[in-house]
Amino acid sequence: QGWATAPLGQLAELNPRHLKELDDSLPISFARMAALSETKPEFEGDYTIVLFSLLKPLKESPDNLGKKLGDLILKKNTGFFSGYNIIKGFLNLSVKDDALTALLQKNYNDICFGKKSLSHKKVMVEYSSPNTNKPLHLGHLRNIFLGWSVSEILKANGNEVYKSSIVNDRGIHICKSMIAWQQFANGATPVSTNTKGDHLVGDYYVKFNDEYKEEVKELISQGIEKGQAEKEAPIMKKTQQMLLDWENGKPEVMELWKKMNGWVYDGFDITYKRLGADFDKTFYESNTYLLGKDFVQEGLNNGTFYTKDDGSVWIDLSDVGLDEKLLLRGDGTSVYITQDIGLVKQKFEEYNLDKSIYVIGDEQIHHMKVLKEICRKLGMPFADKIIHLSYGMVELTTGKMKSREGTVVDADDLIDEMVDTAKQHTEELGKVKDFTEEELKELYETLGLGAMKFYLLRVDPKKRMVFNPEESIDFHGFTGPFVQYTYARIRSILRKIGEPVSMVNGQWSMIADQKLFPLERELIIFLEKYSNVIAQAAEELNPSVIANYVFHLAKTFNSFYTEHSVANAESEEKKILRVHVAVMTSTVIKSAMQLLGISVPERM
RNA sequence: GGCCCCGUAGCUCAGUGGAUAGAGCAACAGCCUUCUAAGCUGUGGGUCACACGUUCGAAUCGUGUCGGGGUCACCA
C-alpha cells in the first residue's frame with residue numbers, strides 16, 4: 001500500500017527534502033510539506049499539489065516539476081490516480097472512478113460499522129457552572145452546548161472524558177435572593193406560585209436589587225453621601241449578616257439556603273434534561289471554598305508567597321507580565337482564586353487527569369492565566385495541563401445583556417420560542433399529519449433545539465457573536481433543520497426501496513466499474529474527509545468545524561438529490577451505488593449532528 | 001494608561017501563506033404529473049478598516065494608525 005493509494009488523510013503533505021530524490025526511491029514518506037488539498041471546482045481534477053514552495057529547493061520550473069511529479073505519481077500509484085494537469089504552478093490530480101468506488105467501500109465499512117481511534121487520555125471538561133441565584137440565560141446556552149459538544153468530540157477521538165460543573169452556591173449574591181424572599185415572598189414556593197424554582201429565586205434576586213436601589217435613594221435624600229448610603233442600606237446590612245450566619249452554620253439560615261437552592265436545582269434539572277446536558281461530576285462551591293488554604297502555607301514556606309503588614313498573603317507575578325495577586329485576605333478568608341487552586345489539585349489527583357478543560361467566557365482569560373501561573377510557581381506538575389477554552393460573549397443587536405436592565409434572553413423562554421417556531425413551520429408545511437401527539441411533540445423539540453444548538457455552535461467559539469432577538473432563529477439555509485431535513489429525505493428514500501443489509505463483496509464488484517458523475521465523485525471525496533474533520537475539531541476544541549462540514553455535506557447531497565434519482569436510477573448498478581452513497585451520507589450526518597448534541601428525525 | 005482579542009458583501013458568519021475571496025439571510029428571476037420545495041438553479045452585491053513592509057505570491061505574516069470590545073478587585 002503506497003501513499004498514492006491512500007486517501008487524502010494520509011497524503012496530507014509532501015516534503016521537498018525527499019522530493020530531491022525524484023525517482024523510484026520516492027515512496028510513502030515524501031509526504032510532509034507541500035499541502036495536498038482538494039481541487040477547486042472550477043478546475044479539472046480532485047486533489048491538488050501546490051508546486052511553488054518546492055520550486056526553489058529543487059531548482060525546477062513549475063512545468064518541469066509538475067510533469068516529473070505527475071508522471072511519478074501515476075507510475076508509483078497502484079491505480080488511484082488516472083491523470084493530471086498543470087496550471088500555473090498547480091498540479092491537479094484526477095482520481096479513477098473505480099478507485100473512488102473502492103474508497104467509498106472502505107469508508108463505508110469504517111464509518112457505518114464503526115472504527116475508532118483510541119488515544120485514551122483522561123480529560124475533564126468543566127462547563128455550565130451556574131450561580132444559584134438566577135436562571136440560565138443565552139450565554140449559558142453557548143457555554144453548555146460548547147462544553148457538551150467538545151466533550152463528545154474528544155470522546156469520538158478516543159479520550160476518556162469526564163463532564164463536570166462547579167456550582168456557585170454560596171456567597172453574598174445567594175444571600176441577596178434569600179433575604180428578599182424572606183422579606184417579600186410571604187412563604188411563596190414554586191408549587192404555590194406554579195413557577196419554575198430557578199425563576200422564582202431569580203425573581204427575588206431582582207427584587208433585592210430594586211429594594212436596595214430604593215433604600216439607597218432614600219438615604220441619599222436624607223443627606224447621606226452615596227458611598228456611605230450603599231453600605232448603610234438596611235437590606236444590604238441584613239444580607240451581610242446572613243452571610244456571616246451562613247458561614248457560622250446558623251440552622252435557620254442553612255435550612256433556608258438548602259430549601260431555596262433545592263428549588264433552583266429542580267429548575268436547572270428540567271432545563272438540562274431538555275437540552276440533553278449531563279454531568280459526570282458536580283462540584284459545589286460550598287464544599288470547595290475552603291480548599292486551597294493549605295497551599296498558602298506551602299507557598300509561604302518556600303518563599304513563593306509573601307505577607308503584607310495587615311496579614312494578607314500575595315504572590316508577585318510581575319516577572320511573567322502579570323501583577324501582584326492577593327491570595328488570602330487580612331482576616332484569613334480566601335478569595336476566588338485560592339479556591340480555584342484547591343479545586344484544580346483535587347481534580348487532577350482524584351481523576352488522574354491528562355488534561356483539564358475549563359469552558360469559561362473570555363472575560364476570564366486573565367484570571368485563568370494567573371491561575372495557571374500560580375500553579376506553575378507552586379511547582380504543580382499539572383500546571384500546563386490546564387486549558388481555558390474561552391468563548392466570546394453572545395451580544396444582542398441592542399447591546400450587551402444586562403440582568404439589571406432586563407435585557408437578558410432567558411434560556412427557557414428561548415427554548416420555548418424555538419420549539420414553538422418549529423411547530424408553526426411544521427404545521428404550515430403539513431407533511432406529518434399522521435403523527436401522534438407524542439411524536440409531534442418530540443419532533444418540535446428535535447427541530448427547535450436543533451436550530452438553536454446549530455446556531456450557537458456553527459460560529460468559532462473564540463469569537464464574539466451577535467444574536468438578534470427580534471428575528472427568530474432561521475430554519476432555512478445554514479441551519480440545523482436544513483441538515484435534519486436532508487437526513488429525513490434520505491431516510492425516506494431508504495424506507496421506500498429498502499436499506500442494504502450489508503455490503504457483500506459481490507455487490508461491490510458489481511458496481512466497481514461505473515463511470516461516476518461529478519456530484520457522485522464530489523460526495524464520495526467529501527465523505528472521505530469526515531474522520532479528519534473530527535480530528536481537527538478535537539485538536540482545535542472547535543465544534544464549528546463539524547457544523548460547517550455537515551452543512552456542506554448536506555448541501556452537496558441536496559444538489560445530488562435533485563440531479564440524480566436513487567430509487568429510479570438509470571441502471572441497477574447506479575441504484576446500488578447511490579443507495580450506498582445515501583446511506584453513508586445519512587450515517588455521517590447523524591454522527592456529526594450527534595457530536596453537536598443534535599438529534600435527527602426520520603421524518604419531518 | 002499597560003496587556004489581550006476583534007475589524008471580510010446591507011446583516012450573520014467561513015476562509016489564517018496559494019488559482020477569479022466564499023456561504024446563509026435579505027433582494028430579484030426561474031424549477032414541484034417523477035425518491036419530502038424546511039429543497040434546487042441562476043442574477044446582482046467586496047478598496048478583506050487604513051498605510052507601509054516581508055514574499056514568486058498576503059484577507060492570512062510583521063510594524064504603525066484608526067475604530068470596537070475585554071481585562072488589569074481584599075467581586076464571583
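This structure is a prediction, so every number in the text was calculated from the model and none was measured. Within every chain, numbering begins at 1; the chains are lettered A, B, ... in the order of the sequence lines, protein sequences first and strands thereafter.
Listed candidates were B:C74, B:U12, B:G18. Nearest to the side chain of A:Arg329 is B:C74. Taking every side-chain heavy atom of A:Phe482 into account, B:G39 is the closest of B:A76, B:G39, B:C74. Closest contact between the side chain of A:Ala567 and the listed nucleotides B:C35, B:A76, B:U36 involves B:C35. Taking the side chain of A:Asn558 as heavy atoms from C-beta on, and the options B:C74, B:C40, B:A76, the nearest nucleotide is B:C40. Each of B:C25, B:C35, B:G69 was ranked by its minimum atom distance to the side chain of A:Tyr561; first place goes to B:C35. You'll find that the side chain of A:Arg458 is closest to B:U12, out of B:U12, B:G39, B:A76. Of all nucleotides listed (B:U71, B:A14, B:C74), B:A14 comes nearest to the side chain of A:Lys463. Comparing atom distances between the A:Arg495 side chain and each of B:G18, B:G24, B:U36 picks out B:U36 as nearest. Here the side chain of A:Phe551 is nearest to one of B:U71, B:G69, B:A23, namely B:A23. Set against B:G69, B:U36, B:C13, the side chain of A:Met465 has B:C13 as its closest nucleotide.
For A:Arg489 and B:A37, the shortest distance from a side-chain N or O to OP1 or OP2 is below 4.0 Å. Under 4.0 angstrom from either OP1 or OP2 of B:A19 there lies at least one side-chain N or O belonging to A:Lys40. An OP1 or OP2 oxygen of B:C35 is reached within less than 4.0 angstrom by no side-chain nitrogen or oxygen of A:Ser492. One finds a side-chain N or O of A:Lys88 lying less than 4.0 angstrom from the OP1 or OP2 phosphate oxygen of B:U20. Residue A:His476 places at least one side-chain N or O closer than 4.0 Å to OP1 or OP2 of B:G39.
Summarising the geometry, the separation between CZ on A:Phe305 and P on B:C74 is reported as 16 Å, rounded to the nearest angstrom. Here B:C13 presents its C1' atom at 18 Å from CD1 of A:Ile546, a figure rounded to the nearest Å. One can place CD of A:Glu563 at 17 Å from P of B:C31, the figure rounded to the nearest angstrom. As a whole-Å value, the separation of A:Phe43 CZ from B:U20 P is 7 Å. Atom OH of A:Tyr289 is separated from atom P of B:C75 by 16 Å (rounded to the nearest Å). One interatomic measurement links the two molecules: CD1 of A:Ile172 to P of B:A76, which rounds to 10 Å at whole-angstrom precision. Atom C1' of nucleotide B:U71 and atom CD1 of A:Ile337 are separated by 13 Å, given to the nearest angstrom. To the nearest angstrom, C1' of B:A14 lies 12 Å from CD of A:Glu540.
Under the Watson-Crick or G-U wobble criterion, with both distances below 3.5 Å, B:U41 is paired with B:A29. For B:U12, the paired nucleotide is B:A23, the pair qualifying as Watson-Crick or G-U wobble because both relevant distances are below 3.5 Å. The pairing partner recorded for B:C72 is B:G1, the criterion being a Watson-Crick or G-U wobble arrangement whose two distances lie under 3.5 angstrom. Searching all strands for a Watson-Crick or G-U wobble partner of B:U36 with both distances below 3.5 Å returns nothing. Under the Watson-Crick and G-U wobble criteria, each requiring two contacts below 3.5 Å, nucleotide B:C56 is paired to B:G18. Remark: B:G67 base-pairs with B:C6; criterion is Watson-Crick or G-U wobble with both hydrogen-bond distances under 3.5 Å.
Using atom P as the reference point in both B:C11 and B:C72, the two lie 32 Å apart (nearest Å). Rounded to whole Å, the separation between the P atoms of B:G39 and B:C52 comes to 45 Å. Annotation: B:G62 and B:A76 have their C1' atoms spaced 39 Å apart (nearest Å).
Atom NZ of A:Lys377 has more than 12 neighbouring heavy atoms from other residues, nucleotides or ligands inside a 6.0 Å radius.
For A:Lys347 and A:Tyr358, the positive end sits near the middle of the six-membered ring, less than 6.0 Å away and at most 45° from its axis.
The one candidate from A:Asp460, A:Asp362, A:Asn143 that meets the side-chain hydrogen bond (donor to acceptor under 3.5 Å, both in side chains) condition with A:Tyr391 is A:Asn143.
For A:Phe90 and A:Phe43, the distance between ring centers is not under 6.0 angstrom. Taking the six-membered ring for Trp and the full ring otherwise, A:Tyr284 and A:Tyr265 have centroids separated by under 6.0 Å. Between A:Tyr289 and A:Tyr336, a ring centre-to-centre spacing not shorter than 6.0 Å is recorded. Taking the ring centroids of A:Phe208 and A:Tyr205, they lie at or beyond the 6.0 Å cut-off.
Interface remark: the A:Asp362 side chain does not form any donor-acceptor pair with the B:C4 base, using a distance-only criterion of under 3.5 Å. A:Thr48 contributes a side-chain N or O that forms a donor-acceptor pair with the base of B:A19 under 3.5 Å.
Residue-to-nucleotide proximity on RNA chain B shows that, of A:Asp323 and A:Thr479, the 5′-proximal contact is made by A:Thr479. Each of A:Ile87 and A:Val566 was assigned the nucleotide of RNA chain B with the nearest heavy atom; the assignment lying further toward the 5' end belongs to A:Ile87.
Counting non-hydrogen atoms under 4.0 angstrom, A:Thr333 reaches nothing in the nucleic acid.
At distances below 3.5 Å, at least one donor-acceptor pair connects side-chain atoms of A:Gln484 with backbone N or O atoms of A:Ser599.
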Query raised in the report: Does the side chain to side chain contact (heavy atoms under 4.5 Å, CB included) test come out yes or no for A:Glu38 and A:Asp46, once each step is laid out?
Result: CA-CA 6 Å; A:Glu38 284 161 279; A:Asp46 300 300; over 6 Å; no
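Annotation for A:Leu596 and A:Leu457: closest pair O-CD1, 3.4 Å, computed over non-hydrogen atoms.
Shown here, B:C13 is classed anti by the O4'-C1'-N9-C4 or O4'-C1'-N1-C2 angle, which is more than 90° from 0.
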Under 3.5 Å, N/O pairs linking protein and nucleotides 41-43 of chain B:
unit_1	atom_1	unit_2	atom_2	d
B:U41	OP1	A:Ser559	OG	2.9

